[in-house]
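These numbers were taken from a predicted model, which means no experiment stands behind them.
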Amino acid sequence: MDERRAEPDRNTGANPVSLYGEFTVAGNRKVRCAVSLTEKDLLVQRLTSTPVGRNKIVLSLKDCVGCRAYRGDDNSDPAAYLSVYFYPLKRRWMSSGVSRQRVEQCFRLAALQDPRANLEEAEKWARAVRERSARQQYLRDGVLVSQLSRPCRMMLLVNPQSGKGQALTLYNNHIQRMLNEAGVPHTLVITERQNHARELVKEADLSQWDALVIMSGDGLLFEVINGLLERPDWEQAIQTPLGILPGGSGNALAASIHHYSGSSPVSSEELLLSCGFLLCKGLVSRMDLVSIHLSSSPRLFSFLSLAWGFVADVDIESEKYRHVGAARFTVGTLVRLASLRVYKGRLAYLPASEDYNNQEGLRNNVTLHCNNQTLSLDLCHPSRDSVRQNTFHNSCHSNNSLKVRRTESTVSKSPSKALSGPPDSLLLPLDQPLPVDWVAVQEEDFVLMLAMYQSHLAEDLFAAPDAAPDDGVIHLFYVRAGISRAALLKLFLAMEKGAHLGTNCQHLVYVKVRALRLEPFSPKGIITVDGEVVEYGPVQAEVHRGLGRLITG
């Protein structure tokens, strides 16, 4: 149909029209549409006699992942086609809330008899849509994050056994199409065994890839990160942007990334679509990684959590319920509550001090609840690079912790100089006494210890509401012995919405730290790093701020 440049009076207002045309709908040539492209939106108006409002569609270019121009299969048809792909937030059919849902707009352009001219016109529209969509970047606290190069070459690793064993099916049904719509070339790698991904990235020529994307649970990303940091060129390798698509039963990092985007909670395939959309947008943020030291095992790097006690037991013991997906953690929690255990050990940490907070930045109006005390801090938050931290351990924990004091402080030396990866400046060898500025917890009977560096511990466990991917702190939680089963259940139910810090539970302690050390006394037990079982025994950890790169959209 007729295609023309917008008339002058269309180019007025805050969002002027830059392209205007009249086309037919692909698949129904009787339906004519007026299509307008502005800097922020694609407007589609059906040209009918019915009222305007009922036939007008406005699609935000922020929700657009791609656009393509092409010829049809019929060589005798001179028309060209234009398909634009959106994933806007729409209300669910059967429940409250919103989730991303696929919307495709496809138009037929046949203004001229020359097929080449029609295709050129369609390509002009496609370029304009892609350019304007790329300019609709999301901001993080007013600061634009970096963006993947275009076109972006991705290696996509899929664990076909993760979760309910449906990761490959989910890739075929959703992700393959979405990446094709976004024009993202990718190579699919199906992992065959444990540590396959670790070995692969350790030896791969990373210059061939702009990003590594994992479609699995959190365990596969743990392999990839440690494989990258075991390389001789680890400093460059760990700068490779990493993406995550939920294909497992926990999907904690995927849920965290979705949360960081500012979207309301979703799960299952809705979470997959959200993370796929953010992956296609290709915005990259810095990500903290945590160095983990065990007694005799090599140093590990963690992106999610370190757990001991109740949480670690539930995570591992619920493996037998893997067939029910994310619900396995709920089942495991109920089973472990029936026979609640007490774990003996010694816990100490280096708090995020006031000086550290002043250097790194503070969050506005932080209110924390601990041991029935409410602490309100009126703090400034200048930029995205500011960490979301506060210093409250002296007042909040004065009844259950003490500073370690020695006559002479020992200069901290890295216990891992011979290992690849960055040196640790805050940790002494596990057999040496703690530095003078660490805080030792007086109690030795615990129900759980959980160190978090992302917001979510699972799709439905909003464990660290104040966490950000690069805030430079470890969010340390521990629950002292003496808590009742009912109170612990209440705590975990509140954690689903991130409300557990407001329960005023007398047995829960939460503090932001830069490093920690745990020495279990119980002869048997489970310690997990990112959900993976590690050597049981003394363990210590230090955060390395912004060491990795994470695709957060």
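- Considering all non-hydrogen atoms of both residues, Ile483 and Cys505 come closest at CD1-SG, 3.8 Å.
- Of all heavy-atom pairs between Ala237 and Leu206, the closest is CB-CD1, 3.6 Å.
- Within the model, atoms CG of Asn251 and CD of Glu459 stand 4.5 Å from one another, a figure rounded to the nearest 0.5 Å.
- Phe301 and His544 get closest at one heavy-atom pair: CE2-CD2, 4.5 Å.
- Counting all heavy atoms, side chain and backbone alike, Ser302 lies closest to Ile292 at CB-CG1, 3.9 Å.
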Tell me, with the steps shown, if Val439 and Val511 meet side-chain contact (heavy atoms from CB on, under 4.5 Å).
-> CA-CA 11 Å; Val439 174; Val511 61; over 6 Å; no
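- Side chain of Asp530 to main chain of Phe303: a donor-acceptor pair is present (N/O by atom type, distance under 3.5 Å, no hydrogens or angles).
- In this structure, OH on Tyr478 lies 11.5 Å from CE on Met449, to the nearest 0.5 angstrom.
- Between Gln454 and Pro469, the closest side-chain pair of non-hydrogen atoms falls below 4.5 Å.
- Leu148 has its side chain within reach of Met154: a pair of non-hydrogen atoms, C-beta onward, lies under 4.5 Å apart.
- Side-chain contact between Pro435 and Leu350 is absent, with no heavy atoms from C-beta onward closer than 4.5 Å.
- Between the CD1 atom in Ile214 and the CZ atom in Phe222 there is a gap of 13.0 Å [rounded to 0.5 Å].
- Here the CE atom belonging to Met215 is positioned 11.5 Å from the CD1 atom belonging to Ile190, to the nearest 0.5 angstrom.
- Around atom CD of Gln236, no more than 12 heavy atoms belonging to other residues, nucleotides or ligands sit under 6.0 Å away.
- Put simply, the side chain of Asp431 does not reach to within 4.5 Å of the side chain of Ser295, judged on heavy atoms.
- For the pairing with Leu306, the side-chain contact (heavy atoms from CB on, under 4.5 Å) check across Val290, Leu450, Leu516 returns one residue only, Leu516.
- Considering only heavy atoms from C-beta on, Pro422 comes within 4.5 Å of Leu229 through its side chain.
- A ring-ring contact (aromatic ring centres under 6.0 Å, His included) check over residues 454-474, counting only residues at least two apart or in different chains, returns the pairs His259-His456, His259-Phe462, His456-Phe462.
- Atom CG of residue Asp470 and atom CZ of residue Arg549 lie 9.0 Å apart, to the nearest 0.5 angstrom.
- The shortest side-chain heavy-atom distance between Leu212 and Leu228 falls under the 4.5 Å cut-off.
- Nearest approach of Met287 to Leu242, heavy atoms of both residues: CE-CD1, 4.3 Å.
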Going through the distances and angles, do Leu157 and Ser216 end up as a side-chain contact (heavy atoms from CB on, under 4.5 Å)?
-> CA-CA 8 Å; Leu157 297 109; Ser216 177; over 6 Å; no
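- Not a single donor-acceptor pair under 3.5 Å links the side chain of Asp424 to the backbone N or O of Leu426.
- Put simply, the side chain of Ser256 gets close to the backbone of Ala252: a donor and an acceptor are under 3.5 Å apart.
- For residues 481-505, the ring-ring contact (aromatic ring centres under 6.0 Å, His included) pairs, not counting sequence neighbours, are Phe310-Phe492, Phe477-His500.
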Passes side-chain contact (heavy atoms from CB on, under 4.5 Å), Leu278 versus Thr552? Steps please.
-> CA-CA 6 Å; Leu278 295 170; Thr552 56; over 6 Å; no
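- Without hydrogens or angle criteria, Thr503 side chain to Leu491 main chain gives no donor-acceptor distance under 3.5 Å.
- When atom types are taken as modelled, the side chain of Arg517 and the backbone of Ala348 share no donor-acceptor pair closer than 3.5 angstrom.
- With Ser455 contributing its side chain and Ala467 its backbone, the two residues share no donor-acceptor pair below 3.5 Å.
- Side-chain contact of Ser522 with Tyr536: a donor-acceptor pair under 3.5 Å is absent, judged by distance alone.
- Under the 4.5 Å side-chain criterion, counting only non-hydrogen atoms from C-beta, Leu245 is in contact with Leu156.
- Considering only heavy atoms from C-beta on, Val473 stays 4.5 Å or farther from Val543 through its side chain.
- Few gaps surround CD on Glu535; more than 12 heavy atoms of other groups in view lie less than 6.0 Å from it.
- With salt bridges taken as basic N to acidic carboxylate O contacts below 4.0 Å, none links Arg299 and Glu542.
- Rounding to the nearest 0.5 Å gives a distance of 7.5 Å between CG of Leu253 and OH of Tyr260.
- Remark: the backbone N or O of Met155 is not paired with any side-chain donor or acceptor of Gln208 at under 3.5 angstrom.
- Side-chain contact check for Thr528 and Asp315: no donor-acceptor pair (N or O, by modelled atom type) lies under 3.5 Å.
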Do Tyr349 and Val441 pass the side-chain contact (heavy atoms from CB on, under 4.5 Å) test, and can you show the C-alpha distance, the side-chain angles, and the key distance before you say yes or no?
-> CA-CA 8 Å; Tyr349 56 83; Val441 177; 4.0 Å; yes
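- In this structure a side-chain-to-backbone donor-acceptor pair under 3.5 Å is present from Arg153 to Ser207.
- For the residue pair Tyr343 and Asp313, a side-chain donor N or O sits within less than 3.5 Å of a side-chain acceptor on the partner.
- A pairwise comparison of heavy atoms in Glu223 and Ala197 identifies OE1-N, 3.4 Å as the closest pair.
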